[in-house]
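So the structure is just underneath, and the comments pick up after that.
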Amino acid sequence: MDTALNKERNKTMQADARGREAPGRRCGLAKIRNIGIIAHIDAGKTTTTERILFYTGRLHRMGEVHDGTTVMDWMAQEKERGITITSAATTCFWNEHQVNVIDTPGHVDFTVEVERSLRVLDGAIGVFCGVGGVQPQSETVWHQADRYNVPRIAFVNKMDRLGADFDTVVDEIREKLSSRVAPVQIPWGSGEDHAGVVDLVAMQAYAYDGDCGENIRIVPIPESLAAEAEQARAALIELLAEHDEALLGVYVDSPDVPQDELIAAIRRATVAHQFVPVLCGSSLKNKGIQHLLDAVTRYLPSPLDVEDVRGQHPGTNAIEMRAADDLAPLAGLAFKLMKDEYVGRLVFVRVYSGQLTKGQSVYNPRTRQRFRINRLLRLHADSREEVDTIYSGEIGAIAGLKGATTGDTLCAENAPVAFEGITVPEPVVSMAIEPKSQAESDRLNDALEALSSEDPTFQISDDPETGQKLIHGMGELHLEVLKDRLTREFKLDAKAGRPMVAYRETVFETCVASHTFDREIGGGRQFATISIQIDPLPRGSGNTIEFDVSTLDLPAEFHSHVEQGVRDAEATGIVGNYKIVDVHVRISGAVYDPESSTDTAFRSAAVMAFREAAMAGHPALLEPIMSLSIVTPSEYVGDVLGDLNSRRGKVQEVAAVGLTHKVSASVPLAELFGYATTVRSLSKGRASYTLEPRTFEQVPDDVAAKIKGV
């Protein structure tokens with residue numbers, strides 16, 4: 001019998017015993033929930049969050065995405081487009097629990113907002129459309145949560161929509177997301193007949209009355225659903241009992257498992273990442289949200305339930321662990337930066353141990369600098385509440401903190417620790433930008449730097465051939481939003497070129513070369529020889545470097561300079577000045593002269609040896625390939641497929657979904673600029689699509705020749 005869940009229960013009990021709390025907390029550590037709302041675009045994340053804030057008393061009037069009146073989508077660009085662009089944090093209270101909520105974007109261009117939010121959260125609500133089911137970005141954010149071991153509950157939304165199918169969505173979550181799931185609720189009707197939910201734990205039905213669904217009416221389970229509910233409850237208990245000895249013992253004694261025992265078993269399984277409870281409802285129609293909040297407090301972990309955070313001592317690299325404990329030394333992670341027109345620079349921080357207190361000094365091990373905390377804020381979207389202390393397990397913001405960036409650790413100087421940073425995806429689109437006048441050049445540079453400090457996927461560079469300023473992002477929409485922010489927030493009307501694809505280069509064969517750098521510079525001889533072997537790696541592997549050379553031939557103090565030379569050569573490329581990726585570089589030999597070998601000589605020799613080797617390895621251009629998912633009325637499928645063929649697209653699947661068809665394809669990013677206009681034209685405005693990066697593939701020879709201008 002697998003006893004993993006019982007071990008998890010014992011670990012939770014031990015955590016409860018060790019978590020020390022400072023006086024003055026509103027909620028103890030065991031009653032804190034740090035959760036994120038994650039989903040595909042338009043699944044109802046922000047609408048769900050608005051209802052959560054309304055029912056917890058944080059709002060007195062619910063906003064609507066389609067009206068541009070939501071609190072969490074506070075940016076002008078979000079209100080205009082009806083989408084979430086930046087993750088917004090807030091704090092609310094439910095059943096004596098403090099719930100810190102982060103509403104994340106669903107659009108792939110802003111995926112870093114999901115990444116850095118999940119990095120600091122203890123749990124998440126995955127929202128799924130009752131009609132669309134598991135959509136492309138649903139898979140992306142779900143796997144992001146897998147990477148950070150974030151326990152989840154699933155909420156099947158939009159059960160009031162025509163075509164909503166709860167059972168199909170549950171099956172898709174189980175199959176497409178490889179998750180062990182079971183409903184803890186089933187819908188009471190769907191489409192226009194959606195009246196409420198049936199709770200399989202309490203075995204009773206709930207109807208939602210009042211203008212905002214605030215009045216919950218408990219009624220017996222309708223006869224038409226009684227058999228289905230009994231069967232679903234039995235399946236839930238059997239699934240949990242397979243891995244939970246405590247529940248199995250109760251179940252063997254009596255199949256009618258008490259409600260408290262079932263709640264405890266669901267919680268143990270959820271916290272242990274072995275189970276995902278599924279709930280349902282309709283956020284827009286105000287049905288099911290109160291019970292979703294109950295599930296958050298019942299099943300998702302507190303800071304005491306999750307594993308201690310692992311880090312390293314910045315001086316010795318020894319492993320350091322930090323547990324949720326108010327009286328321990330301070331340790332927190334800066335996961336987001338934002339500019340506020342009223343309070344200046346804001347650094348969002350999750351405190352893992354200790355306390356952040358106004359007037360306190362904190363240490364940044366990356367910069368080795370100490371900073372004094374002048375203002376601490378509790379967050380509510382774009383409004384702030386000043387506080388004196390942020391306790392362990394809580395999320396807040398520091399105003400005016402300079403020098404910190406996304407992924408930095410903030411800790412006590414006498415107990416330093418450095419946590420693992422945050423994974424940032426590589427930009428795939430670039431665009432030239434320049435000021436309207438030379439007088440605005442410095443202002444533009446400052447504005448771009450400010451935006452880049454907030455968003456690590458937004459990068460800035462200079463084109464070595466034209467001298468133009470280039471900005472790099474995750475897609476057309478990403479760059480469009482950033483350019484709009486330049487105009488609105490920084491009052492800069494910059495001129496921008498058309499978006500360009502961020503190509504890459506690689507080699508396809510093992511190649512070797514040796515280069516001797518021997519020159520007279522400044523009256524002195526500069527000498528070094530480097531031999532290099534380059535091996536191709538699978539797509540997405542990244543670049544690695546290995547030193548397989550004696551320290552007599554290449555003293556250790558020159559290793560960093562040789563490595564820098566290799567990195568310089570990789571960054572500039574050889575086919576079209578694009579970055580070289582997915583290669584393993586082995587430094588196989590070197591010649592060192594004690595009298596004339598220098599840092600500069602070894603760096604230059606490494607650059608030239610790499611370039612000569614790469615030229616012999618059949619170098620080629622790589623282009624980003626996107627996964628494209630299109631939902632279109634059936635009568636337009638032929639036109640959509642024909643257009644995809646003209647764009648070098650490869651169709652993987654065409655599936656009927658109700659009265660529509662879903663087309664899944666992989667298409668080069670270079671062929672998708674302006675696709676939004678095309679797909680609207682082909683379908684008379686009735687089709688929709690989503691994109692996400694898939695991989696890099698070799699550019700066909702004829703296309704490569706055009707790119708290189710041959």
Side-chain angles (χ1 to χ4, degrees), residues 1-17 28 30-31 33 94-97 123 125 151-156 166 170 180-188 196-208 216-281 288-302 304-305:
M1 175 64 65
D2 185 355
T3 60
L5 294 179
N6 296 303
K7 292 179 180 177
E8 184 69 29
R9 180 177 59 175
N10 293 335
K11 185 176 74 174
T12 300
M13 292 171 62
Q14 294 169 4
D16 287 340
K31 291 192 173 183
R33 301 291 182 269
W94 183 257
N95 289 346
E96 299 181 348
H97 286 71
I125 301 172
R152 275 144 281 171
I153 56 180
F155 179 67
V156 181
F166 178 74
V170 173
R180 193 164 168 263
V181 302
V184 295
Q185 293 176 349
I186 59 174
W188 179 0
V197 302
V198 175
D199 190 330
L200 303 179
V201 178
M203 286 306 284
Q204 55 195 15
Y206 301 112
Y208 303 88
I216 301 175
R217 182 162 40 92
I218 302 174
V219 298
I221 297 174
E223 288 186 14
S224 60
L225 292 172
E228 180 184 349
E230 289 287 352
Q231 185 178 3
R233 190 177 201 267
L236 169 66
I237 294 171
E238 288 176 9
L239 182 67
L240 292 169
E242 288 177 8
H243 297 277
D244 192 313
E245 288 183 357
L247 183 66
L248 179 61
V250 176
Y251 182 53
V252 169
D253 291 338
S254 171
D256 187 17
V257 175
Q259 180 177 337
D260 291 346
E261 293 284 354
L262 186 52
I263 289 173
I266 295 172
R267 177 177 175 76
R268 290 194 294 270
T270 305
V271 170
H273 311 286
Q274 295 196 3
F275 177 70
V276 177
V278 184
L279 297 91
C280 58
I289 304 303
Q290 296 96 320
H291 292 99
L292 178 62
L293 278 164
D294 288 339
V296 167
T297 59
R298 284 177 175 177
Y299 307 137
L300 290 180
S302 74
L304 294 174
D305 297 317

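The minimum heavy-atom distance between Phe275 and Val181, with the atom names listed, is CE1-C, 4.0 Å. Residues Pro277 and Ile153 come closest through the heavy atom pair CG-CG2, 3.3 Å. In this structure, Asp199 and Gln185 approach most closely via the heavy-atom pair CA-CG, 4.3 Å. Contact between Leu247 and Ala241 at its shortest, heavy atoms only, is CD2-N, 3.9 Å. Annotation for Ala229 and Met203: closest pair CB-CE, 4.0 Å, computed over non-hydrogen atoms. A pairwise comparison of heavy atoms in Pro183 and Ile186 identifies CB-CG2, 4.4 Å as the closest pair.
With hydrogens and angles disregarded, a donor-acceptor distance shorter than 3.5 Å links the side chain of Arg233 to the backbone of Leu200. A donor-acceptor contact shorter than 3.5 Å is absent between the side chain of Arg268 and the backbone of Asp244.
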Indicate every side-chain donor-acceptor pair of residues 249-266 with a distance under 3.5 Å to a residue at least two apart or in another chain.
{"unit_1": "Tyr251", "atom_1": "OH", "unit_2": "Glu238", "atom_2": "OE2", "d": "3.4"}
{"unit_1": "Ser254", "atom_1": "OG", "unit_2": "Asp256", "atom_2": "N", "d": "3.3"}

Evaluate Arg180 against Gln274 for side chain to side chain contact (heavy atoms under 4.5 Å, CB included), listing each step before the verdict. CA-CA 7 Å; Arg180 193 164 168 263; Gln274 295 196 3; 4.3 Å; yes
Quick one, Trp188 with Ile221, criterion side chain to side chain contact (heavy atoms under 4.5 Å, CB included). Give me CA distance, side-chain angles, the key distance, then yes/no. CA-CA 9 Å; Trp188 179 0; Ile221 297 174; over 6 Å; no
Could you walk me through whether Leu279 and Val197 pass the side chain to side chain contact (heavy atoms under 4.5 Å, CB included) test, one step at a time? CA-CA 9 Å; Leu279 297 91; Val197 302; over 6 Å; no
Would Arg267 and Asp305 count as a side chain to side chain contact (heavy atoms under 4.5 Å, CB included) here? Give the steps. CA-CA 10 Å; Arg267 177 177 175 76; Asp305 297 317; 2.3 Å; yes
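Under the ring pair (Phe, Tyr, Trp, His ring centres under 6.0 Å) criterion, Tyr206 pairs with His291, sequence neighbours left out. For Arg152, the salt bridge (charged side-chain N to carboxylate O under 4.0 Å, His left out) partners two or more places apart in sequence, or in a different chain, are Asp146. Remark: Glu96 engages Lys31 in a salt bridge (charged side-chain N to carboxylate O under 4.0 Å, His left out) (not counting sequence neighbours). Partners of Ala154 by side-chain contact (heavy atoms from CB on, under 4.5 Å), not counting sequence neighbours, listed by chain and number: Phe128, Ile173, Val276, Val278. Residues meeting the side-chain hydrogen bond (donor to acceptor under 3.5 Å, both in side chains) test with Asn95, sequence neighbours left out: Asp294.
Atom CG of Leu248 and atom NE2 of His243 lie 11.5 Å apart (nearest 0.5 Å).
Under a cut-off of 6.0 angstrom, the local environment of CD in Gln204 is crowded, with over 12 non-hydrogen atoms contributed by other residues, nucleotides or ligands.
Side-chain atoms of Val296 and Trp94, non-hydrogen and from C-beta on, never get closer than 4.5 Å to each other.
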